[in-house]
Amino acid sequence: MHLQRTLTNGKYHTWEIPNLKIAKFLRNSFHFKMELIQEMCEGMQHMSESVFVGLCEIVGTSQQVAIRREAEDIKEMVDRGIYPYGWVMRMASGSHREGFRLEGSDIDNMYWPNNHRVIMDMSQSEYYNTATTTLILSDSSESPPGFTLLQLLTPTTPREVQSACVRMNDRVYISSSIYRQLTCSVIYPNSTVHGPCASGDIAGRVEYDFAWCFVCDFWPQSASSWIDRCHSWPGPEVVDDIVRSGCHFVAIGHPLGLHENEEWRISFSQAEYKLVSSMNHSQFLIYGLLKFFLKEVINQQSEETNKLLCSYHMKTTVFWAIQQNTLPHCPQNLLAGFWFCFKLLLRWVYEGVCPNFFIPQNNLFLTKVHGSAQNRLFLQLHKLYKKGLACLLQSSSIRSYIIDVLFNPRLSICTDESVMRREVDYDIELVCESLSTDFYISKSDVLGMMKVIHLIEQLVESPLTHYQVVMIQRRTSTFLTNTSFLLHNMYTNTNVNKQIYIADKISCHMLNIAAKFGWVSDMLYIALYFYKTFRYRKALSVIEMTKVKLAQPYLMYTGRVDRERYTEAVGGQSWSTKSRQAVAWDIELYNRICYISELIPEQQSVLQNRWPFLSIPVFVMLHFLEFLCYRHIDTTLSQAALDELQVLVHHDQGLYVRDLFRDISWEILGICQQITGNLQAALYSYKQSLTQYPFHKIQTATQKRIQDVAQLISYQ
């Protein structure tokens with residue numbers, strides 16, 4: 001109805017005038033707006049689903065991420081169980097630990113002496129035996145929030161800790177700056193200091209950040225408010241687990257602190273991993289999306305501001321957003337969750353305050369995002385904000401998933417992970433992640449071996465997921481293989497025939513058990529053992545069986561596979577069957593164990609350079625062993641094996657001999673040529689080994705071999 005007022009006899013009257021056109025227009029206008037809003041919401045949800053699928057392609061499905069995390073969980077569980085109390089402990093951290101496998105991501109590890117403990121107050125000292133444990137007291141009375149001084153309370157033996165001690169106010173403190181410098185090149189020589197870490201790259205491909213730190217079994221008092229804040233997220237079980245796990249102290253002080261060179265930063269890396277693991281997959285992918293947004297959009301705006309924000313700031317926004325119950329639990333709202341985090345980040349930059357999730361008083365922006373730099377960054381972010389979600393079109397990784405929906409609004413999108421990935425994809429993931437779970441054997445220690453076997457028994461009896469069972473199988477197979485060689489080496493030198501016979505029986509038995517749930521390539525360890533014990537025909541029999549399996553078109557080697565043929569051959573079968581029939585990797589020889597006398601100089605050279613093992617391409621090892629065995633049986637077939645090895649090393653384009661392993665491959669070819677007396681060819685191969693990337697650090701052995709060959713040539 002349309003209302004109109006008219007003047008009659010000096011009085012105003014209100015008349016109800018039916019106006020169907022106006023009423024219809026208003027009604028239609030309202031419905032149009034509602035439909036428009038509904039379409040926009042549906043469009044946003046549709047686009048979110050597309051980005052969700054894209055991120056699952058790039059980052060991984062929830063199942064792939066679970067495999068990655070469980071591999072590290074098992075590794076750390078085993079490490080804690082078998083390594084002696086005085087050893088240095090390792091913990092993976094950062095994005096790799098959280099489950100990301102993004103191109104260009106670095107490897108983050110934390111290391112600490114396991115017989116040192118930080119306490120928060122003197123009353124906690126009663127929990128430790130000071131005869132075996134060095135105690136360090138956290139003193140944060142003069143430090144900014146999130147930082148502390150570390151006072152040495154009891155004597156310490158590691159040279160790096162002793163040399164880092166400084167005296168202040170008649171007390172001994174461990175200087176973070178000195179300790180950082182002293183430990184910088186402990187793992188990899190020529191590393192450089194970056195923040196609290198030793199940084200560098202391996203083969204120019206994989207970057208690493210290794211932080212040497214100290215561990216504390218207690219939750220810091222300065223983070224107690226975080227416990228009270230956890231009403232909805234994370235759940236009480238996660239909170240209890242985090243608090244029980246304590247924290248770490250990494251070697252870097254606050255730039256504005258009174259004692260910057262002596263202060264240490266409280267690290268919540270372990271807690272952060274547990275928080276990330278408690279996210280649902282949509283929330284985890286929002287975190288991943290923010291990483292791409294930072295790298296491909298924010299950091300491309302200006303050179304002046306591209307170092308102000310980091311991935312840790314993105315993670316912090318996600319933590320706060322989830323705790324405020326604003327991040328979604330489903331793919332349809334993924335972009336809405338991203339937008340909330342972006343707005344939160346924008347507000348923090350405007351205010352110049354990014355509160356640490358555990359200690360809010362610790363402002364993560366304090367030393368970088370302030371003044372003119374803060375203003376420039378805010379203007380850049382606000383410019384992106386005004387573009388709305390269209391700002392994501394600047395991300396090279398995400399752009400196509402948005403454009404697909406914009407150009408085809410009715411595009412059918414399936415967010416079911418079982419459709420996104422096939423069985424073979426998870427098998428590849430499982431194989432690649434299993435590599436990081438091998439046991440590291442330090443010495444010929446029977447007691448240590450028994451400890452490992454006992455731990456394996458405990459793990460097998462505990463509730464494990466399918467992936468964890470596979471990881472344990474892999475570690476057990478490797479352990480049994482290495483132990484068989486250790487036993488042989490230990491008892492061969494006793495010259496007691498009965499002991500040698502028993503050790504040999506046990507070694508053969510362990511190798512056979514290992515082969516039952518090992519990979520195709522693991523059969524070569526049996527051949528290696530038979531060669532070592534002069535059973536050449538038996539070794540050749542194993543080599544022939546291995547050859548047949550390695551020649552199959554469905555073989556998965558170093559993660560590469562013909563998916564269709566693999567699925568046709570072993571799809572749907574048990575993992576044990578798949579691994580025995582269709583999976584191969586390179587042969588790893590730990591440098592504290594003698595597997596084959598021909599490679600002793602190389603193992604010694606690598607050991608001097610603190611590299612743990614030799615990685616030999618499986619096809620190189622196959623021909624190497626075949627050549628060595630036939631030398632004792634048929635020289636013609638021995639030469640044929642050498643010819644195959646030569647063709648492989650000379651002409652392979654990275655399919656069977658990866659670039660990183662060409663140094664040891666050329667070395668092995670040279671050894672074989674030298675054995676046959678072809679000294680010129682051997683000299684050429686050794687020189688070629690020196691020109692390859694020195695991944696294995698075998699140059700000392702190679703140079704010695706070159707000198708020996710050159711001397712032999714001079715005598716001819």
Side-chain angles (χ1 to χ4, degrees), residues 51 94-95 98 100 102 144-147 194-195 225-226 229 252 254-257 265-268 272 275-276 279 283-328 334-399:
V51 173
S95 61
E98 292 164 353
F100 289 103
L102 304 177
F147 293 80
H194 175 245
S225 65
W226 174 80
R229 213 172 63 232
I252 191 166
H254 197 290
L256 303 180
R265 187 173 73 204
I266 303 174
S267 169
F268 296 100
E272 288 159 14
L275 286 176
V276 171
M279 295 178 183
Q283 293 167 343
F284 180 70
L285 291 181
I286 289 172
Y287 174 26
L289 180 55
L290 285 163
K291 281 175 167 285
F292 287 119
F293 186 59
L294 172 69
K295 182 181 178 181
E296 299 175 357
V297 181
I298 295 176
N299 286 349
Q300 303 304 315
Q301 301 301 305
S302 160
E303 285 189 12
E304 294 176 307
T305 58
N306 65 6
K307 296 285 190 290
L308 297 180
L309 297 178
C310 66
S311 184
Y312 191 78
H313 296 130
M314 304 300 111
K315 180 161 62 176
T316 303
T317 64
V318 175
F319 284 162
W320 281 104
I322 296 175
Q323 194 164 73
Q324 294 170 26
N325 203 27
T326 54
L327 283 204
L334 186 141
L335 289 177
F338 160 78
W339 195 246
F340 180 87
C341 290
F342 180 37
K343 287 196 294 184
L344 183 61
L345 179 68
L346 184 65
R347 192 184 85 195
W348 285 349
V349 171
Y350 176 75
E351 295 172 351
V353 176
C354 175
N356 179 281
F357 186 61
F358 299 96
I359 305 175
Q361 298 81 6
N362 179 10
N363 178 10
L364 302 177
F365 282 171
L366 196 59
T367 58
K368 275 192 172 182
V369 184
H370 61 86
S372 58
Q374 175 191 354
N375 187 51
R376 282 194 298 272
L377 180 60
F378 174 75
L379 292 175
Q380 287 167 8
L381 293 181
H382 191 259
K383 189 176 178 181
L384 292 170
Y385 174 77
K386 286 195 294 183
K387 292 180 180 179
L389 287 173
C391 66
L392 283 173
L393 292 172
Q394 296 181 39
S395 167
S396 57
S397 298
I398 306 302
R399 182 187 304 128

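Computed from heavy atoms alone, side chains included, the values below leave out hydrogens, waters and symmetry copies.
- Between atom CG of residue Asn363 and atom CD of residue Gln361 there is a gap of 11.0 Å, rounded to the nearest 0.5 Å.
- Side-chain contact between Leu327 and Trp320 is absent, with no heavy-atom pair separated by less than 4.5 Å.
- Remark: aromatic rings of Trp339 and Tyr385 are close, center separation under 6.0 Å.
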May I have the list of side-chain donor-acceptor pairs in residues 351-360 shorter than 3.5 Å, sequence neighbours left out?
unit_1	atom_1	unit_2	atom_2	d
Asn356	OD1	Phe358	N	2.8
Asn356	OD1	Ile359	N	2.9

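- Of the inter-residue distances, the one linking Lys295 atom NZ with Cys310 atom SG reads 14.5 Å to the nearest 0.5 angstrom.
- Gln300 pairs by the side chain to side chain contact (heavy atoms under 4.5 Å, CB included) definition with nothing, not counting sequence neighbours.
- Take Tyr312 and apply the side chain to side chain donor-acceptor pair (under 3.5 Å) test, not counting sequence neighbours, and it matches Glu272.
- How far CZ of Arg229 is from CD of Gln324: 9.5 Å, rounded to the nearest 0.5 Å.
- Leu289 places a side-chain heavy atom less than 4.5 Å from the side chain of Leu335.
- Atom-to-atom distance recorded for Leu392:CG and Phe292:CZ is 12.0 Å, nearest 0.5 angstrom.
- Residues forming a side chain to side chain donor-acceptor pair (under 3.5 Å) with Thr305 (at least two apart in sequence, or on another chain): Gln380.
- Lys383 pairs by the side chain to side chain contact (heavy atoms under 4.5 Å, CB included) definition with nothing, not counting sequence neighbours.
- Atom-to-atom distance recorded for His313:NE2 and Leu294:CG is 9.5 Å, nearest 0.5 angstrom.
- Proximity of the aromatic rings of Phe284 and Phe100 is defined here by a centroid distance below 6.0 angstrom, and this criterion is met.
- Put simply, the side chain of Gln301 reaches to within 4.5 Å of the side chain of Gln394, judged on heavy atoms.
- Between Leu345 and Leu309 the shortest side-chain heavy-atom distance falls below 4.5 Å.
- Two residues are said to be in side-chain contact when any heavy atoms from C-beta on lie closer than 4.5 Å; Phe378 and Leu346 meet this criterion.
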Could you walk me through whether Arg376 and Ser302 pass the side chain to side chain contact (heavy atoms under 4.5 Å, CB included) check? CA-CA 9 Å; Arg376 282 194 298 272; Ser302 160; 5.8 Å; no
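- Here the side chains of Leu384 and Phe293 are in contact, with some heavy-atom distance below 4.5 Å.
- At least one side-chain heavy atom of Ile298 sits less than 4.5 Å from a side-chain heavy atom of Leu381.
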One pair to check against side chain to side chain contact (heavy atoms under 4.5 Å, CB included): Phe338 and Leu389. What are the steps and the verdict? CA-CA 9 Å; Phe338 160 78; Leu389 287 173; 4.0 Å; yes
For residues 368-375, dump all side-chain donor-acceptor pairs below 3.5 Å to protein atoms at least two apart in sequence or in another chain.
unit_1	atom_1	unit_2	atom_2	d
Lys368	NZ	Lys307	O	3.3
His370	NE2	Thr367	O	3.3
Gln374	NE2	Val349	O	2.8
Gln374	NE2	Tyr350	O	3.1

List the steps and the verdict of side chain to side chain contact (heavy atoms under 4.5 Å, CB included) for Met279 and Val318. CA-CA 10 Å; Met279 295 178 183; Val318 175; 3.5 Å; yes
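- Nearest heavy-atom pair across Leu290 and Cys341 is CD1-CB, 3.8 Å.
- Annotation: side chain of Thr317 is not in contact with side chain of Tyr287 (no heavy-atom distance under 4.5 Å).
- Remark: Gln283 CD to Leu275 CG distance equals 11.5 Å, nearest 0.5 Å.
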